[in-house]
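Input: a single structure, listed below in structure tokens.
Quantities reported herein were computed from a predicted structural model and do not represent experimental measurements.
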Amino acid sequence: MKCIYCGHDDSKVIDSRATDEQNSIRRRRECLTCGKRFTTYETVETVPILVIKSDGSRQPFERDKIKHGIIKACEKRPITMGQIDKIVNDIEKQIHNGLEQEVKSSIIGEAVMDALKKLDEVAYVRFASVYRKFKDINNFVSFLNEFENMIFSEQGTGNKEQ
């Protein structure tokens with residue numbers, strides 16, 4: 001870090017602590033050349049992520065939109081806000097760890113569906129009914145039949161009659 005007094009490039013950190021907002025670190029430094037002390041703040045640089053919608057438009061990623069959709073799907077279900085927050089945090093982490101500046105909305109939707117499928121079948125079907133935009137009852141029934149077959153094959157029974 002360059003000294004603000006003499007311009008020398010070497011300094012040592014005397015003290016580090018998180019700021020009150022917990023979103024940056026305050027560092028007290030001492031210049032190795034002139035001996036004067038100064039303070040710097042270190043923050044994480046975030047890259048804004050854009051979501052590519054199905055119509056090709058782009059909009060900023062908003063975790064609250066994901067959370068709102070999950071809350072709607074989980075309405076009147078035995079699911080805690082902690083469980084919902086974990087799903088949202090996991091999806092957000094997955095998106096940020098992907099290191100892409102743009103992500104398709106379909107990837108986010110499928111991630112939500114995968115998480116809800118493991119958490120609660122009713123919430124999964126509710127979310128799917130909105131996300132998949134079923135045109136009519138036949139599309140919805142077909143989806144339910146596929147889901148039922150998938151559940152039975154995962155359980156290893158393969159037989160719905162049991």
Side-chain angles (χ1 to χ4, degrees), residues 1 13 15-28 39-162:
M1 180 64 59
V13 176
D15 181 45
S16 290
R17 62 181 68 172
T19 60
D20 291 337
E21 299 86 30
Q22 300 291 318
N23 58 2
S24 64
I25 297 176
R26 178 185 180 271
R27 297 200 194 278
R28 193 75 182 134
T39 303
T40 60
Y41 291 89
E42 182 179 307
T43 59
V44 175
E45 182 179 16
T46 57
V47 176
I49 294 178
L50 294 178
V51 176
I52 305 169
K53 306 296 278 183
S54 56
D55 66 0
S57 65
R58 287 165 169 72
Q59 57 183 237
F61 171 78
E62 294 179 39
R63 67 176 272 125
D64 288 340
K65 283 187 174 184
I66 297 171
K67 188 173 185 175
H68 179 72
I70 294 172
I71 289 171
K72 283 289 228 186
C74 295
E75 206 167 86
K76 297 182 182 178
R77 299 297 302 154
I79 298 167
T80 66
M81 281 305 294
Q83 291 171 302
I84 292 171
D85 284 334
K86 182 176 180 350
I87 291 172
V88 175
N89 290 338
D90 290 348
I91 291 170
E92 184 177 30
K93 198 179 299 179
Q94 178 185 345
I95 290 168
H96 284 290
N97 287 343
L99 302 177
E100 299 291 329
Q101 289 185 328
E102 295 183 335
V103 62
K104 291 182 178 180
S105 61
S106 60
I107 291 172
I108 297 171
E110 292 299 325
V112 171
M113 290 202 23
D114 287 345
L116 287 177
K117 187 188 322 178
K118 295 172 189 164
L119 182 66
D120 186 90
E121 292 175 358
V122 173
Y124 168 74
V125 171
R126 284 179 180 169
F127 186 85
S129 69
V130 174
Y131 173 67
R132 295 267 169 94
K133 300 176 187 167
F134 297 120
K135 302 272 189 254
D136 57 34
I137 191 72
N138 293 329
N139 292 100
F140 189 67
V141 169
S142 175
F143 169 79
L144 288 176
N145 287 334
E146 288 174 26
F147 178 59
E148 183 181 37
N149 290 335
M150 181 179 55
I151 294 296
F152 282 109
S153 68
E154 286 175 1
Q155 293 173 347
T157 62
N159 185 358
K160 295 183 212 177
E161 302 297 320
Q162 293 182 351

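For Gln83 against Pro78, the heavy-atom pair with the smallest separation is OE1-O, 4.0 Å. Of all heavy-atom pairs between Ser54 and Ser105, the closest is N-OG, 3.9 Å.
Put simply, CD on Glu100 and CD1 on Ile49 are 9.5 Å apart, with the number rounded to the nearest 0.5 Å. To the nearest 0.5 Å, atoms CD1 (Ile95) and CD1 (Ile108) are separated by 4.0 Å. Interatomic distance, CZ of Arg26 versus CG of Asp15, reported as 7.0 Å (0.5 Å rounding). Between the CG atom of Leu116 and the CD1 atom of Ile87 there is a distance of 5.0 Å, given to the nearest 0.5 Å. The structure places CD1 of Ile91 at 5.0 Å from CD1 of Ile70, a figure rounded to the nearest 0.5 Å. If you take OG on Ser106 and CE on Met113, they are separated by 11.5 Å, rounding to the nearest 0.5 Å.
At least one side-chain heavy atom of Arg77 sits under 4.5 Å from a side-chain heavy atom of Arg126.
Comment: Lys86 engages Asp90 in a salt bridge, judged by a side-chain N to carboxylate O separation of less than 4.0 angstrom.
Not counting sequence neighbours, the partners of Ser24 by the side chain to side chain contact (heavy atoms under 4.5 Å, CB included) test are Thr19, Tyr41, Thr43.
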Would you list the atom pairs, donor with acceptor, under 3.5 Å between side chains in residues 61-69 and any protein atom, with sequence neighbours excluded?
| unit_1 | atom_1 | unit_2 | atom_2 | d |
| --- | --- | --- | --- | --- |
| Arg63 | NH1 | Asn89 | OD1 | 2.9 |
| Arg63 | NH1 | Glu92 | OE1 | 2.5 |
| Arg63 | NH2 | Asn89 | OD1 | 3.0 |
| Lys65 | NZ | Gln59 | OE1 | 2.4 |
| Lys67 | NZ | Asp85 | OD1 | 2.7 |

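Between the side chain of Glu110 and the backbone N or O of Ile107 there is no donor-acceptor pair closer than 3.5 Å.
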